[in-house]
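In what follows, a single structure is set out as structure tokens and then discussed.
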Amino acid sequence: MPTLSVAEPAAAEPDQLRSQIDAALDHFSRFNDGCPAQLQEAIRYALLAPGKRLRPRLVLLAAEACGGSIAAALPAACAVEMIHAYSLVHDDLPAMDDDDLRRGRPTCHKVFGEATAILVGDALLARAFEVLAREIKSADRAAGCCSVLAQAAGATALVGGQAADLAGEAGETDIRGLESIHRRKTGSLIAASLQLGGLVTGATETQLAALEQYGCHLGLAFQITDDLLDVAGNQAAVGKRLAKDAARGKATYPQLLGIDASRERAGRLIDEACSAIGIFGSAGEPLRKLARSVLDRTR
Ligand code: GRG
């Protein structure tokens, strides 16, 4: 894997962050000759598709809040986006959520076939840890990042939440069951993103604990707004099929709490997320701004 060289931006403005993230994802998704051309094309189709890049932004902003640099945090930002992209590709498969639209485009298996889509997920999962292990310039910090991301992607978190969801564990009326699934399926990678940003920077225990709290509140709020978009969003803007949860009789926040109460709950969680990172002072403002933007999101 060639070394990534990045210019440090003057300030971490959202669009600058996005172009830095996309350039790094482009870099890390070029494989050498052992990777068949069609597999590489499919990996890049899934990874470079126009998602919001929420998780990598969180990594970078957490690193900055802790006094670190964007350049040092970019490999971790890419690693978490690779895990996220793999989970979307696998979630869209017929054996799981069976979707044909993702990020405004046909899903990976619709374009490249199911077998290739499974392999895309497998390759992204492996690449994420390769990038962390090779690119983080301290063996201890790299090991810490691998441990956090493996836990968040594993059987007690992302994969466990997905399994519980597929098994219909939440039932149709159980808010605690619903939150348990979302904390694992959605919240774990979001919380891990914050931890990664702190870990690459050598954050203190107090800073990591504040980021953990922020990540937990934000993760749940993000899922509530996802459920609200599923009910009342614009499909062209969201870029995926909507109203699927209701059609499948799945529990959602709007269905259990109503739309207004769901919005209020998301708002309270965002307030709590913003308070949790008070220790960072003005260095935490970009994270607070990002959290507030989740409440108004249209995609
Ligand atoms: C296959 C192990 C495995 C897990 C799948 C990603 C996932 C878990 C399921 C997709 C359905 C869903 C509602 C997941 C909750 C997380 C979520 C809201 C994903 C979409 O994240 P965004 O909105 O997507 O950040 P973009 O495309 O913008 O990156």
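We number each residue from 1, following the sequence as shown. One-based numbering, in listed order, for ligands and for the atoms of each.
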Dump all N/O pairs between ligand 1 and the protein below 3.5 Å as a table: atom names plus distance, one pair per row.
from, atom 1, to, atom 2, distance (Å)
ligand 1, 21 (O), Arg55, NH2, 3.1
ligand 1, 23 (O), Lys52, NZ, 2.6
ligand 1, 24 (O), His84, NE2, 3.4
ligand 1, 25 (O), Arg55, NH1, 2.8
ligand 1, 25 (O), Arg55, NH2, 3.4
ligand 1, 27 (O), Arg103, NE, 2.7
ligand 1, 28 (O), Lys52, N, 2.9
ligand 1, 28 (O), Lys52, NZ, 2.7
ligand 1, 29 (O), His84, NE2, 2.7
ligand 1, 29 (O), Arg103, NH2, 2.8

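To the nearest 0.5 Å, the span separating CZ on Arg292 from CZ on Arg288 amounts to 7.0 Å.
In this structure, Arg105 satisfies the cation-pi test against Tyr45, with its NZ or CZ atom closer than 6.0 Å to the six-membered ring centre and inside 45 degrees of the ring normal.
Ser87 and Gln162 share no donor-acceptor pair across their side chains, judged by distance under 3.5 Å alone. There is a side-chain donor-acceptor pair under 3.5 Å between Arg184 and Ser180. Side-chain polar atoms of Arg102 and Thr107 form no donor-acceptor pair below 3.5 angstrom.
With a 4.5 Å cut-off on side-chain heavy atoms, Glu179 and Tyr253 count as touching.
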